[in-house]
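So the structure is just underneath, and the comments pick up after that.
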Amino acid sequence: MARALQLAEKGLYTTDPNPRVGCLLVKDNRVVAEGWHQKAGAGHAEVEALRKAGSNARGATAYVTLEPCSHTGRTPPCSDQLIEAGIKQVVCAMKDPNPLVSGQGFEKLKQAGILVQSGVLEQQAKALNAGFIKRMECGRPLVRCKLAMSLDGRTAMASGESQWITGPAARSDVQRLRARSSAIVTGVGTVLFDNPSFNLREEQLGLDNASEVVSHAPLRVVLDSQFRISSDAKIFAQPGPIVVIGAQDNQARRSLETQHVETLVLGGREGRVDLAAVLAWLAKKECNEILVEAGATLSGAFLKQGLLDELVIYVAPKLLGDAARGLFNLPGLTSMSEQISLNIQEVRNVGEDLRISATVC
């Protein structure tokens, strides 16, 4: 199963909106074929392994990281093909959270006389597809917020100058975070001040299949209550889908639309964009993982509203001073009882910087 999970991870950047799945076929204590899901519309992991195994699949045991599907989507049901191939046993890491499948794939296999075992390395399998699971079970994507700060917790000088706090290794790591995400969400303040592209840069990804990964560029979402963004912003000069989401319809929105900019209105309280509605809309667009790359105000709003699942914070060995800008804007916190707690999952070196990965309690 550990090998099957390694195979599944090969699809980390390309399977969206599908889950990442790997499969291993073993017969007479020998691996006869391996397969992994490469992209939506292509063969699922089980199908790829069966195709490579041919007649050797009969009587084999399939190790697969996710319950074989039992419904027809972009491809036929994998459970049917395992049955037809004569597989004798299926060992699975986890049940599929998709209600169209959940448990039904196992049941179909059992009815065909195939032995089924589930729960092997389940936690590792869930971690690989945490966004897909979140969307299926909660109706919203997993939201990951990326931030870069100095050792004294500052993200930019008081003037707003911030390039570059972190080194090239950290910036390449951010490229891979973007590449695995379904969408990148930012605020109009970041666009107006920094004029970023939020694109994928093939030379910085450090991946063997970098050109293919770049072709799967994530959706870029700009939250802009009043539609202040200019159609001349660099973000519009890059290939790939972009949508600007505001709080209310106005002339500025209509002006953007005449310049072929896709817009959407999802208004919330106090004339701001409704962040929960944005996530619900992204889930309907089949987005599994969202990367928030924004300033202290928008990042703080996601955190304060309980909408962040993970934080990835890059810490540079630098000091910017107490006049520099902080990590989050969290007004209203006045006592220790109001503190927001985090669970640190990992701390590791990325070049000259540290990367802290944490979940929100």
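The figures that follow rest on heavy atoms only: side chains count, while hydrogens, waters and symmetry mates do not.
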> Which is it for V292 and R144 under the side chain to side chain contact (heavy atoms under 4.5 Å, CB included) test, yes or no, and what are the steps along the way?
Replying inline: CA-CA 6 Å; V292 176; R144 181 180 291 118; over 6 Å; no
>> Working note: V221 + L282, criterion side chain to side chain contact (heavy atoms under 4.5 Å, CB included); need CA distance, chi angles, decisive distance, verdict.
In response: CA-CA 10 Å; V221 180; L282 288 169; 4.2 Å; yes
>> Could you walk me through whether V213 and L205 satisfy the side chain to side chain contact (heavy atoms under 4.5 Å, CB included) test, starting with their C-alpha distance in whole Å, then the side-chain angles of each, then the deciding distance to 0.1 Å, before giving a yes or no?
In response: CA-CA 9 Å; V213 171; L205 282 167; 4.1 Å; yes
> Can you check side chain to side chain contact (heavy atoms under 4.5 Å, CB included) on E262 and L264, steps first, answer last?
Replying inline: CA-CA 7 Å; E262 182 181 354; L264 181 67; over 6 Å; no
>> Could you go through D309 and R140, starting from their C-alpha distance and side-chain angles, then the distance that decides it, and tell me whether this counts as salt bridge (Lys or Arg N to Asp or Glu O under 4.0 Å)?
In response: CA-CA 11 Å; D309 299 296; R140 74 170 181 85; 3.4 Å; yes
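No donor-acceptor contact under 3.5 angstrom links the side chains of D16 and H216, judged on distance only. In summary, the side chains of N129 and R20 do not present any donor paired with an acceptor at a separation below 3.5 Å, with no hydrogens or angles considered. At a cut-off of 3.5 Å, with distance as the only test, no side-chain donor of S102 or D96 sits close to an acceptor on the other residue. No side-chain N or O of T14 forms a donor-acceptor pair with one of Q38 less than 3.5 Å apart. Side-chain atoms of Y13 and N209 form no donor-acceptor pair, as typed in the model, at a separation below 3.5 Å.
Between I313 atom CD1 and D353 atom CG the span is 13.0 Å, to the nearest 0.5 Å. Atom-to-atom distance recorded for S299:OG and L330:CG is 9.5 Å, nearest 0.5 angstrom. Note that the CG atom of L311 and the CG atom of N343 stand 11.0 Å from one another [nearest 0.5 Å]. Summarising the geometry, atom CZ belonging to F328 is positioned 5.0 Å from atom SG belonging to C145; distances are rounded to the nearest 0.5 Å. One finds the OG atom of S181 at 11.5 Å from the NZ atom of K146 (value rounded to the nearest 0.5 Å).
Closest approach of L142 and G131 over heavy atoms only: CB-CA, 3.7 Å. Residues P218 and I184 come closest through the heavy atom pair CG-CD1, 3.8 Å. Considering all non-hydrogen atoms of both residues, V47 and C78 come closest at CG2-SG, 4.1 Å. In this structure, T166 and Y314 approach most closely via the heavy-atom pair CG2-CB, 3.8 Å. In plain terms, the two heavy atoms of T190 and G295 that are nearest each other are OG1-N, 3.5 Å.
Note: the hydrophobic cluster containing L266 does not contain F227 (ILVMFWY, side chain heavy atoms under 4.5 Å, direct or indirect links). No path of Ile, Leu, Val, Met, Phe, Trp and Tyr side chains, each step under 4.5 Å between heavy atoms, connects L7 with M94, placing them in separate hydrophobic clusters. In this structure, L82 is not a member of the same hydrophobic cluster as V26, with clusters built from ILVMFWY side-chain heavy atoms closer than 4.5 Å. If you chain together hydrophobic residues whose side chains sit under 4.5 Å apart, V278 and L303 fall into the same group. Residues M149 and V360 are members of one and the same hydrophobic cluster, defined by side-chain heavy-atom contacts under 4.5 angstrom among Ile, Leu, Val, Met, Phe, Trp and Tyr.
Around atom NZ of K39, no more than 12 heavy atoms belonging to other residues, nucleotides or ligands sit under 6.0 Å away. Counted within 6.0 Å of CD1 on I344, heavy atoms from surrounding residues, nucleotides or ligands total 12 or fewer; the atom is thus considered open.
Among residue pairs with one or both ends in residues 124-133, those qualifying as salt bridge (Lys or Arg N to Asp or Glu O under 4.0 Å) are E122-K126; sequence neighbours excluded. Applying the salt bridge (Lys or Arg N to Asp or Glu O under 4.0 Å) rule to pairs touching residues 207-218 yields nothing, sequence neighbours excluded. Sorted by first then second residue, the salt bridge (Lys or Arg N to Asp or Glu O under 4.0 Å) pairs that include residues 43-55, not counting sequence neighbours, are E48-R51. Within the structure, every pair that satisfies the side chain to side chain donor-acceptor pair (under 3.5 Å) test and touches residues 263-285, not counting sequence neighbours, is listed here: R253-T263, E257-T263.
Counting only distance, with no hydrogens or angles, the side chain of K27 and the backbone of R58 share a donor-acceptor pair below 3.5 Å. The backbone N or O of A4 lies less than 3.5 Å from no partner atom in the side chain of T65, so there is not a single donor-acceptor pair. Without hydrogens or angle criteria, S230 side chain to D232 main chain gives a donor-acceptor distance under 3.5 Å. A donor-acceptor contact shorter than 3.5 Å links the side chain of Q175 to the backbone of R201. Between the side chain of S150 and the backbone N or O of R154, at least one donor-acceptor pair lies under 3.5 Å. Looking only at distances, no side-chain donor or acceptor of N329 sits under 3.5 Å from a matching main-chain atom of A296. Using a distance-only test at 3.5 Å, with no hydrogens or angles considered, no donor-acceptor pair links the side chain of E9 to the main chain of L5. Counting only distance, with no hydrogens or angles, the side chain of N250 and the backbone of A252 share a donor-acceptor pair below 3.5 Å. With hydrogens and angles ignored, the 3.5 Å screen pairs a side-chain donor or acceptor of S182 with a backbone N or O of N288. Proximity of a side-chain donor or acceptor of T155 to a complementary backbone N or O of G326 within less than 3.5 Å is detected.
Checked against side-chain contact (heavy atoms from CB on, under 4.5 Å), R228 has the following partners two or more places apart in sequence or in another chain: V188, L192, D224, Q226. K10 is linked by a salt bridge (Lys or Arg N to Asp or Glu O under 4.0 Å) to nothing, counting only residues two or more places apart in sequence or in another chain. Partners of L151 under the side-chain contact (heavy atoms from CB on, under 4.5 Å) rule, at least two apart in sequence or in another chain, are V315, L319. Every residue meeting the side-chain contact (heavy atoms from CB on, under 4.5 Å) condition with S172, not counting sequence neighbours, appears here in chain and number order: R176, Q204. For R180, the salt bridge (Lys or Arg N to Asp or Glu O under 4.0 Å) partners are E289, not counting sequence neighbours. Applying the salt bridge (Lys or Arg N to Asp or Glu O under 4.0 Å) rule to D152 yields no partners; only residues at least two apart in sequence or on another chain are considered. I114 pairs by the side-chain contact (heavy atoms from CB on, under 4.5 Å) definition with I83, V90, L109, not counting sequence neighbours. Taking R3 as the reference, E34 meet the salt bridge (Lys or Arg N to Asp or Glu O under 4.0 Å) condition, with sequence neighbours excluded.
With a 4.5 Å cut-off on side-chain heavy atoms, L147 and V312 do not count as touching. Looking only at side-chain heavy atoms (C-beta outward), I87 and L25 come within less than 4.5 Å of each other. You'll find the side chain of L275 reaches within 4.5 Å of the side chain of L223, heavy atoms only.
Using a 4.0 Å cut-off between charged nitrogen and carboxylate oxygen, K95 and E67 do not count as a salt-bridge pair.
Considering L66, L128, N98 in turn, L66 is the only one that fulfils the side-chain contact (heavy atoms from CB on, under 4.5 Å) rule with P19.
Seen from the ring of F193, R325 counts as a face-on cation partner, given the 6.0 Å and 45° thresholds.
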